Every structure is written in C-alpha cells, then in structure tokens.
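See structure below.
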Amino acid sequence: MDHVMSKVQEIQPVEVAERLMKKEMVKIIDVRTDHEIEEGKIPEAVHIPMFEVIDRYLEWDRSEEIIFVCRSGRRSLAVCQVLALEGFRNVKNMVGGMLAYPAV
C-alpha cells in the first residue's frame, strides 16, 4: 500500500482556487455525501459520492488530470489510491479537503 500512496499526487486548495479563477479547465470530482454537498461545494466540481466512483471510473481518461475532493482529504485520498491501482496516472487529492478550501 505504501507504493500506491507514493503514486498519489497532492494539490493545495489555494492552487485549485487559483486555477479556477484563471478559468483553467479543471476536472474536479467531489466524493462527499449528498448531505455534505448541501452545505456547499466548489461550483465547477461534479458530485459523485465516494461509493459511486467505482461504477463511473471507466468513463474517465486514465491520463487526464482529475482532482478529488472531500470534507477533509481522507476519503478523496482513498479514492485516489484505488484509481492509482487501476492505472490512473494523474489523479490528485486536494489536501485538507473542503475544510481547507479558501472560498465556497
């Protein structure tokens, strides 16, 4: 598992916010629950609850940058680890999750 963890890239919340402010095309997937989403989310993020990701990942390009977000960064890290095992090379975990995101 340590090998998989080393494959997971991290991105800081402020960098995500800056890239969105620059209107960069960024694929963000929010893996929180429906209830958590009601409290607010990054507007550009697509909501796919954590346990639905496994049913959807075949739709995604394995080389495309995908940033995963959750409340604190733990669930999104787990998703990134699973996808790394599935051959995704450019998944990124937003460190600290929505708790660390500068603006919602």
Side-chain angles (χ1 to χ4, degrees):
M1 192 60 126
D2 289 336
H3 178 64
V4 172
M5 290 181 76
S6 66
K7 287 185 181 181
V8 175
Q9 301 174 56
E10 296 180 340
I11 189 166
Q12 296 298 319
V14 68
E15 183 182 346
V16 174
E18 288 170 356
R19 289 177 64 184
L20 291 172
M21 283 180 18
K22 293 177 187 174
K23 304 289 187 210
E24 288 185 31
M25 293 298 297
V26 181
K27 184 170 191 164
I28 303 169
I29 298 178
D30 192 321
V31 299
R32 294 178 298 154
T33 65
D34 292 340
H35 176 71
E36 289 172 304
I37 290 292
E38 291 172 8
E39 297 172 6
K41 75 173 188 64
I42 299 170
E44 296 83 356
V46 174
H47 176 226
I48 302 175
M50 180 180 185
F51 296 108
E52 292 180 23
V53 168
I54 200 70
D55 296 327
R56 302 280 304 273
Y57 79 90
L58 293 175
E59 302 170 13
W60 306 326
D61 179 345
R62 291 174 193 270
S63 63
E64 178 182 23
E65 177 188 46
I66 307 173
I67 300 169
F68 287 89
V69 177
C70 69
R71 180 177 176 271
S72 67
R74 289 188 183 128
R75 285 174 285 174
S76 51
L77 174 61
V79 168
C80 289
Q81 290 170 340
V82 169
L83 292 176
L85 285 171
E86 292 295 328
F88 283 79
R89 298 186 305 275
N90 202 11
V91 292
K92 294 182 180 176
N93 180 42
M94 189 174 84
V95 178
M98 291 303 292
L99 292 174
Y101 192 72
V104 175

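By convention here, the first residue in the shown sequence is residue 1. As the structure is a computational prediction, the values presented were derived from the model and not from experiment.
Counting non-hydrogen atoms of other residues, nucleotides and ligands closer than 6.0 Å to CZ of Arg62 gives a total above 12.
Of all the heavy atoms in Arg32 and Gly40, the pair that sits closest is NH2-O, 2.7 Å. Between Met94 and Val69, the shortest heavy-atom contact is CE-CG1, 3.7 Å. Ser63 and Arg89 get closest at one heavy-atom pair: CB-NH2, 3.1 Å. Between Pro13 and Ala100, the closest heavy-atom pair is CB-O, 3.5 Å. Closest non-hydrogen pair, Val31 versus Cys70, comes out as CG2-CB, 3.8 Å. In this structure, Leu77 and Asn93 approach most closely via the heavy-atom pair N-OD1, 3.3 Å.
No chain of hydrophobic side-chain contacts below 4.5 Å, direct or via other Ile, Leu, Val, Met, Phe, Trp or Tyr residues, connects Val95 to Ile67. By the criterion of side-chain heavy atoms lying less than 4.5 angstrom apart, applied directly or through intervening Ile, Leu, Val, Met, Phe, Trp or Tyr residues, Phe88 is grouped together with Val46 in one hydrophobic cluster.
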*Run the numbers on Arg75 and Thr33 for side-chain contact (heavy atoms from CB on, under 4.5 Å), then give the verdict.*
CA-CA 11 Å; Arg75 285 174 285 174; Thr33 65; 4.2 Å; yes
*Evaluate side-chain contact (heavy atoms from CB on, under 4.5 Å) for Leu99 paired with Arg71, printing each intermediate quantity in order.*
CA-CA 6 Å; Leu99 292 174; Arg71 180 177 176 271; 3.7 Å; yes
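Counting only distance, with no hydrogens or angles, the side chain of Glu52 and the backbone of Pro49 share no donor-acceptor pair below 3.5 Å.
Side chains of Val8 and Phe68 form no contact here, defined as non-hydrogen atoms less than 4.5 Å apart.
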